There are 2 protein chains.
Amino acid sequence: MGPQNGEDVGVATTRKTFAILETLRESEGLSIAEITRRTELTKSTVYRHLKTLQELGYVIERDGEYYIGMGLLEIAEQTRNREPGYTVAQRKVFDLGRETDERAMFLVEENFEGVYLYRYGSPSNTMVGERRPLHALASGKVILAEFDDDRLERFVERKELGQHAKNTITGQGALREELAEVREQGYALNDEEYMDGLFGVAVPVYTPEDELLGSLGLFGPTSRFTDEYLYDDLIDRLWDKAGEIKVTLAYG
Amino acid sequence: MGPQNGEDVGVATTRKTFAILETLRESEGLSIAEITRRTELTKSTVYRHLKTLQELGYVIERDGEYYIGMGLLEIAEQTRNREPGYTVAQRKVFDLGRETDERAMFLVEENFEGVYLYRYGSPSNTMVGERRPLHALASGKVILAEFDDDRLERFVERKELGQHAKNTITGQGALREELAEVREQGYALNDEEYMDGLFGVAVPVYTPEDELLGSLGLFGPTSRFTDEYLYDDLIDRLWDKAGEIKVTLAYG
DNA sequence: AAGAGTATTCTGCTGTACGAAACAACTGTC
DNA sequence: GACAGTTGTTTCGTACAGCAGAATACTCTT
């Protein structure tokens, strides 16, 4: 029968491999039978793929249960430290969290989505690597504010401005106005736009060449973020840290 | 002709996919032609695999150059936080580094190798995810000291006790004696055993159930680590931090 | 002992990933 | 402006590798 359309240049086997890895990501410690059930693959297929991944060191097996190995960490970490600035940002995120006792994070953009690169904060950890809609986050808006018209056009075209919480900006016009304001004032707020009850504030981080590196932000329950706290403390502190990153990059 | 031996259950396509990813890991920002040159693959194969990986979100393309995307980060990070203890360890590594101004790290074992899970310290960053021989590190010896006889037997069988620096322990007998000593004193030293001029000290980290979680360590130039500094400060500090991890795990 | 659940091995078929080659879009060179 | 040398993209027939399914081996329960 052949492929259904002539456009598919992909490699089906690779897709299967990652289907297995993604299944393991969601819940590690699965048996071959269990993975077979959760994917649309055959037992023998799962078996062969797992053996291959194990041989390559990306999957480990401990008494019948399969786990993702640390091999991917080596690849991922190299990626995360692609830009020297990212490493500097990591430290600042940590310091920021320690000093304010709020949740802190550093966000970058990829494929029109926000990706958490570093994070400090207590609750159910590991948001690192997760993706969020740019238009519904303070950090996201900071990044969008740097897009030129073309890029922003493509963004709203490809991504819907979906409603995530009661104050999410869903209109194109409103978004453009908001971004202009963000550009002007140099920071962005997220007042229950991503999740009800959640407040965020973020600033842009630039390289010494004045290119946008990412966005540094704080977030937490809305009640904590009083105007006073925000304008007399947090925003200045964020600007300081962003500046420190730039300076560290410029001079050792 | 068929497969050369009946033992090969692997998936060749998957191996090709990861050959490409590993090539990109070593040096990102490569063109299709460049990847073709560095691997043993055909141009069209590289092309097809890259398109697939891009579609899956694990590779991104920026004006003709291909990079590893942050998609793998999401998988890897989940793995790294598999054990709740790892997250706690991360913070302690950071604190340790800040307090002592030395390089700090947390190491776990996988496939008889040491894997850096977290790290604090200045120079050429990102050792995270990298692998090291267990017998040549302070942290490695701490982990080996917990192996039972069977496991240690298999370890020396599978891994050579290779010489990495002037003081590396390469004899089985010597290693066993050393491990007994480590067990007894509760810490391990690395006196130019992995790299000439490099000194390390490490302690084990246990869960509330007294299972080994990993090893917490400090390292730096040999000259810095005087006996006084070691025995009056660092080792006690490491023990403290390891204890704090255990306690944090037991009670919020 | 039988049963239900595993992982592993085997085999022949089929679909697909592959390589080679041609094409298109750019580059710089003379 | 023609030409040679890049690059990425597409096509296409075929070998071969990944696949399904069954058969086997192995653990546990009961």
Side-chain angles (χ1 to χ4, degrees), chain A residues 1-24 26-69 111, chain B residues 1-24 26-69 111 150 154:
Chain A
M1 227 194 280
Q4 317 213 343
N5 55 24
E7 293 230 330
D8 193 4
V9 293
V11 185
T13 307
T14 302
R15 272 191 272 267
K16 289 177 190 165
T17 290
F18 279 102
I20 292 174
L21 285 175
E22 285 168 12
T23 304
L24 282 178
E26 285 168 16
S27 49
E28 295 200 87
L30 300 178
S31 66
I32 291 183
E34 189 58 33
I35 298 172
T36 305
R37 250 173 262 122
R38 299 191 186 203
T39 57
E40 290 173 332
L41 307 173
T42 321
K43 191 168 48 159
S44 57
T45 302
V46 173
Y47 176 78
R48 226 164 337 101
H49 278 255
L50 277 178
K51 287 300 167 199
T52 309
L53 287 169
Q54 194 179 346
E55 176 197 322
L56 291 171
Y58 296 115
V59 154
I60 58 171
E61 181 255 333
R62 247 179 0 218
D63 38 54
E65 317 244 283
Y66 288 85
Y67 299 82
I68 294 181
N111 285 334
Chain B
M1 235 199 272
Q4 318 214 340
N5 54 25
E7 294 229 329
D8 193 4
V9 292
V11 185
T13 307
T14 302
R15 271 191 271 269
K16 287 175 191 163
T17 290
F18 279 102
I20 292 174
L21 285 175
E22 286 167 12
T23 304
L24 282 178
E26 286 168 16
S27 49
E28 295 200 88
L30 300 177
S31 65
I32 291 182
E34 190 58 33
I35 297 171
T36 306
R37 250 174 261 123
R38 299 191 186 202
T39 57
E40 290 173 332
L41 306 172
T42 323
K43 191 168 47 158
S44 56
T45 301
V46 174
Y47 177 79
R48 226 161 335 102
H49 278 254
L50 277 177
K51 287 301 169 198
T52 309
L53 287 169
Q54 192 178 350
E55 174 198 322
L56 291 171
Y58 296 115
V59 154
I60 58 171
E61 182 255 332
R62 253 187 348 226
D63 37 55
E65 318 244 284
Y66 287 85
Y67 299 81
I68 293 180
N111 285 333
D150 272 18
R154 271 181 296 145

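Each chain gets a letter, A, B and so on, in the order its sequence line appears, and its residues count up from 1. Not measured: the values here are computed from a predicted model.
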Each nucleotide N or O in nucleotides 28-30 of chain D that has a protein N or O under 3.5 Å away: list the pair and distance.
none

For the helix from C:dA4-D:dT27 to C:dC23-D:dG8, how many degrees between its two end axes (five pairs per end), to the nearest 10°?
40°
Roughly how far, to the nearest 0.5 Å, is CZ of B:R48 from NZ of B:K16?
8.5 Å
Say you draw a straight line from CD of B:E40 to OG1 of B:T45; how long is it, rounded to the nearest 0.5 Å?
12.0 Å
Partners of A:E65 by side-chain contact (heavy atoms from CB on, under 4.5 Å), sequence neighbours excluded?
A:D63, A:Y67
By side-chain hydrogen bond (donor to acceptor under 3.5 Å, both in side chains), which residues pair with A:Q54, not counting sequence neighbours?
none
Sequence-distant partners of B:T39, side-chain contact (heavy atoms from CB on, under 4.5 Å), two or more places apart
B:T23, B:I35, B:L41, B:V46
Rounded to whole Å, please give me the gap between CG in B:D63 and P in C:dC26.
15 Å
Rounded to the nearest 0.5 angstrom, the OH-OG1 distance for B:Y47 and B:T52 is 10.0 Å
How long is the straight-line distance from CG of A:L53 back to CD1 of A:I60, given to the nearest 0.5 Å?
12.5 Å
For A:T14, enumerate each residue passing the side-chain hydrogen bond (donor to acceptor under 3.5 Å, both in side chains) test, keeping only those at least two apart in sequence or located in another chain.
B:T17
Hey, what are the protein-to-nucleotides 6-8 of chain D N/O distances that come in under 3.5 Å?
unit_1: D:dT7; atom_1: OP1; unit_2: B:R37; atom_2: NH2; d: 2.5
unit_1: D:dG8; atom_1: OP1; unit_2: B:I32; atom_2: N; d: 2.7
unit_1: D:dG8; atom_1: OP2; unit_2: B:A33; atom_2: N; d: 2.9
unit_1: D:dG8; atom_1: N7; unit_2: B:K43; atom_2: NZ; d: 3.4
unit_1: D:dG8; atom_1: O6; unit_2: B:K43; atom_2: NZ; d: 3.1

With B:K51, which residues qualify under side-chain hydrogen bond (donor to acceptor under 3.5 Å, both in side chains), at least two apart?
B:Y66
Can you list the residues that meet the salt bridge (charged side-chain N to carboxylate O under 4.0 Å, His left out) rule with A:E34, with sequence neighbours excluded?
A:R37, A:R38
Qualifying residues under salt bridge (charged side-chain N to carboxylate O under 4.0 Å, His left out), relative to B:E61, sequence neighbours excluded:
none
Pairs under 3.5 Å (N/O, protein and nucleotides 17-19 of chain C):
unit_1: C:dA17; atom_1: OP1; unit_2: A:T13; atom_2: OG1; d: 3.3
unit_1: C:dA17; atom_1: OP2; unit_2: A:A12; atom_2: N; d: 3.0
unit_1: C:dC18; atom_1: OP1; unit_2: B:K16; atom_2: NZ; d: 2.8
unit_1: C:dC18; atom_1: OP2; unit_2: B:R48; atom_2: NH1; d: 3.3
unit_1: C:dC18; atom_1: OP2; unit_2: B:H49; atom_2: NE2; d: 3.0
unit_1: C:dG19; atom_1: OP1; unit_2: B:T42; atom_2: OG1; d: 3.4
unit_1: C:dG19; atom_1: OP2; unit_2: B:T42; atom_2: OG1; d: 2.5
unit_1: C:dG19; atom_1: OP2; unit_2: B:T45; atom_2: OG1; d: 2.3
unit_1: C:dG19; atom_1: O5'; unit_2: B:T42; atom_2: OG1; d: 3.0
unit_1: C:dG19; atom_1: N7; unit_2: B:S44; atom_2: OG; d: 2.9

Would you please name every residue forming a side-chain hydrogen bond (donor to acceptor under 3.5 Å, both in side chains) with B:T13, sequence neighbours left out?
none
